Peer 1: 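After the structure tokens below, expect a handful of questions from me.
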Number of protein chains: 2
Amino acid sequence: MTVTEAAAERLIRIGEVARGAGVSVRAVRYYEQQGLLVAERSPSGQRLYRPDAIPLVRFFQQMFAAGLNSRRITELLPCWDSGHTDAEQRAMLRAERDRIQAKADDLQAALDRLDELIAVTDTHP
Amino acid sequence: MTVTEAAAERLIRIGEVARGAGVSVRAVRYYEQQGLLVAERSPSGQRLYRPDAIPLVRFFQQMFAAGLNSRRITELLPCWDSGHTDAEQRAMLRAERDRIQAKADDLQAALDRLDELIAVTDTHP
DNA sequence: CTAAAACCTGACGTTGGCGTCAGGGGCAAG
DNA sequence: CTTGCCCCTGACGCCAACGTCAGGTTTTAG
């Protein structure tokens, strides 16, 4: 087994990425289109990913769930990849963090509201 | 002042509802269209609301923020209004509550992720 | 070898909560 | 009177993250 083959063996196709991350194949293609994900190509044109594409896609999902859009995520990706940031990026990180915190607070308020309603409707059937 | 006049004095127009709840006039009309909100009409056709439309609209916003859509909210409105529910509605309330809780957990995970990233980029400038 | 499974590139469809424009009306202040 | 503010009804526009269909190639299992 050559070094090249050993390296090639670490590449997976889009279906495996999708299954591994729990998203659709279409979603993975979409991420590439948005510049979130880069893939090599096999001679026949199929996308080939390194295995760490899976946790990366999970990270995307997490950020999407937190309300960030593709563009924001691409802007944050350099920090994620390199651990290296300029002041502007650090400010953006904190801004997003605060937005998510506020959103979490809103959710908690909604939760309290519903719990209150549940308590009333349970004692008041 | 007659009783009727006293009652009429308690009715406000759409602009006041919108300002009071911090949403657009368009949004309030939309809520009516979705069956979330009912309004009386003045002889000239203007919508007239009781003042408690304002907290009600705030409640809608809170539920929207929690990821419920108009239809779900209309389904939950009877509980909210009357405090009376059947088994199906109580199940729905709990299901939504659990969904929101899961969402809150996701947000917290995203927050932890970002905080971790912030810590790294701060010590690693 | 062959059939099924997986992959490819477009490109249009969906969903929801509004924004926004078009065109028109009423009504109190100056 | 007219100016300006608020209100009305449609109806099209928008955005974002995909779903989905069409029509064709590649890879894999038996």
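Side chains are part of it too, since the values below use all heavy atoms of this structure and drop only hydrogens, waters and symmetry mates. Computed from a predicted model, the values in this text were never measured in an experiment. By convention in this document, chain letters (A, B, ...) are assigned in the order of the sequence lines, proteins followed by strands, and residues within each chain are numbered from 1.
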Peer 1: Using 30° and 60° as the class boundaries, would you call the ring planes of A/Phe59 and A/Trp80 parallel, tilted or perpendicular?
Peer 2: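 It falls in the parallel class, under 30°.
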Peer 1: Can you name the residues that form a salt bridge (Lys or Arg N to Asp or Glu O under 4.0 Å) with A/Arg97, not counting sequence neighbours?
Peer 2: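 Here the qualifying residues are B/Asp115.
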Peer 1: Could you tell me which residues satisfy salt bridge (Lys or Arg N to Asp or Glu O under 4.0 Å) with A/Arg50, sequence neighbours excluded, listed by chain and number?
Peer 2: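 With neighbours one apart ignored, the set is empty.
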Peer 1: I need the residues from residues 94-114 of chain A with at least one non-hydrogen atom less than 4.0 Å from DNA chain C; give them sorted by number, or say none.
Peer 2: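 Within this stretch, nothing sits under 4.0 Å of the strand.
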Peer 1: Just to be sure I understand the geometry, which residues of residues 46-70 of chain A put a non-hydrogen atom under 4.0 Å away from DNA chain C?
Peer 2: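 Heavy-atom cutoff 4.0 Å gives A/Gln46, A/Arg47.
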Peer 1: Nearest to the side chain of A/Arg13, which nucleotide is it out of C/dC8, C/dA6, D/dC7?
Peer 2: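 For A/Arg13, the side-chain atoms sit closest to C/dA6.
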Peer 1: Nearest whole Å is fine: how far is D/dC15 C1' from A/Arg72 CZ?
Peer 2: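 Taking CZ of A/Arg72 and C1' of D/dC15, I get 16 Å after rounding.
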Peer 1: Check side-chain contact (heavy atoms from CB on, under 4.5 Å) between B/Glu32 and all other residues, then give those that pass, not counting sequence neighbours.
Peer 2: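 Checked B/Glu32 against side-chain contact (heavy atoms from CB on, under 4.5 Å); matches are B/Ala39, B/Arg41, B/Arg47, B/Tyr49.
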Peer 1: For nucleotides 19-21 of chain D, which of its nitrogen or oxygen atoms have a protein nitrogen or oxygen under 3.5 Å away, and what is each distance?
Peer 2:
unit_1 : atom_1 : unit_2  : atom_2 : d
D/dG19 : OP2    : A/Ser24 : OG     : 2.5
D/dG19 : N7     : A/Arg26 : NE     : 3.3
D/dG19 : O6     : A/Arg26 : NH2    : 3.0
D/dT20 : O4     : A/Arg26 : NE     : 3.0

Peer 1: Could you list the residues that satisfy side-chain contact (heavy atoms from CB on, under 4.5 Å) with A/Val25, not counting sequence neighbours?
Peer 2: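 Result, side-chain contact (heavy atoms from CB on, under 4.5 Å) vs A/Val25: A/Ile14, A/Ala18, A/Arg29.
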Peer 1: Of all residues at least two apart in sequence or in a different chain, which pass the salt bridge (Lys or Arg N to Asp or Glu O under 4.0 Å) check with B/Arg99?
Peer 2: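 Only B/Glu96 meet the salt bridge (Lys or Arg N to Asp or Glu O under 4.0 Å) criterion with B/Arg99.
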Peer 1: Mind calculating the distance between CD1 (A/Ile73) and C1' (D/dA17) to the nearest angstrom?
Peer 2: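 Rounded to the whole Å, the gap is 11 Å.
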Peer 1: Using a heavy-atom distance cut-off of less than 4.0 Å, which residues of residues 29-45 of chain B contact DNA chain C?
Peer 2: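 Within residues 29-45 of chain B, the residues near DNA chain C are B/Tyr30, B/Tyr31.
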Peer 1: If only atom types and distance count, is the side chain of A/Arg113 paired as donor or acceptor with the main-chain N or O of A/Gln108 below 3.5 Å?
Peer 2: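 No, A/Arg113 side chain to A/Gln108 backbone: no donor-acceptor pair under 3.5 Å.
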Peer 1: Do A/Glu75 and A/Arg72 meet the salt-bridge criterion of a basic N to acidic O distance under 4.0 Å?
Peer 2: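 Looking at A/Glu75 together with A/Arg72, the answer is yes, because their closest N to O distance falls below 4.0 Å.
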Peer 1: Do B/Val23 and B/Phe60 come within less than 4.5 Å of each other through their side chains, counting heavy atoms only?
Peer 2: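 Heavy-atom side-chain distance check fails, nothing below 4.5 Å.
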Peer 1: Check side-chain contact (heavy atoms from CB on, under 4.5 Å) between A/Asp86 and all other residues, then give those that pass, not counting sequence neighbours.
Peer 2: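 With neighbours one apart ignored, the set is A/Glu88, A/Gln89.
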Peer 1: How long is the gap from CG on A/Leu37 to CD1 on A/Ile73, to the nearest 0.5 Å?
Peer 2: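 It is 11.5 Å, given to the nearest 0.5 Å.
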Peer 1: Taking only residues two or more places apart in sequence, or in another chain, which ones meet A/Ala110 in a side-chain contact (heavy atoms from CB on, under 4.5 Å)?
Peer 2: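 A/Ala110 satisfies side-chain contact (heavy atoms from CB on, under 4.5 Å) with B/Gln62, B/Met63, B/Ala66 only.
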Peer 1: Sequence neighbours left out, what passes salt bridge (Lys or Arg N to Asp or Glu O under 4.0 Å) with A/Arg94? Give chain and number order.
Peer 2: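 Checked A/Arg94 against salt bridge (Lys or Arg N to Asp or Glu O under 4.0 Å); matches are B/Asp122.
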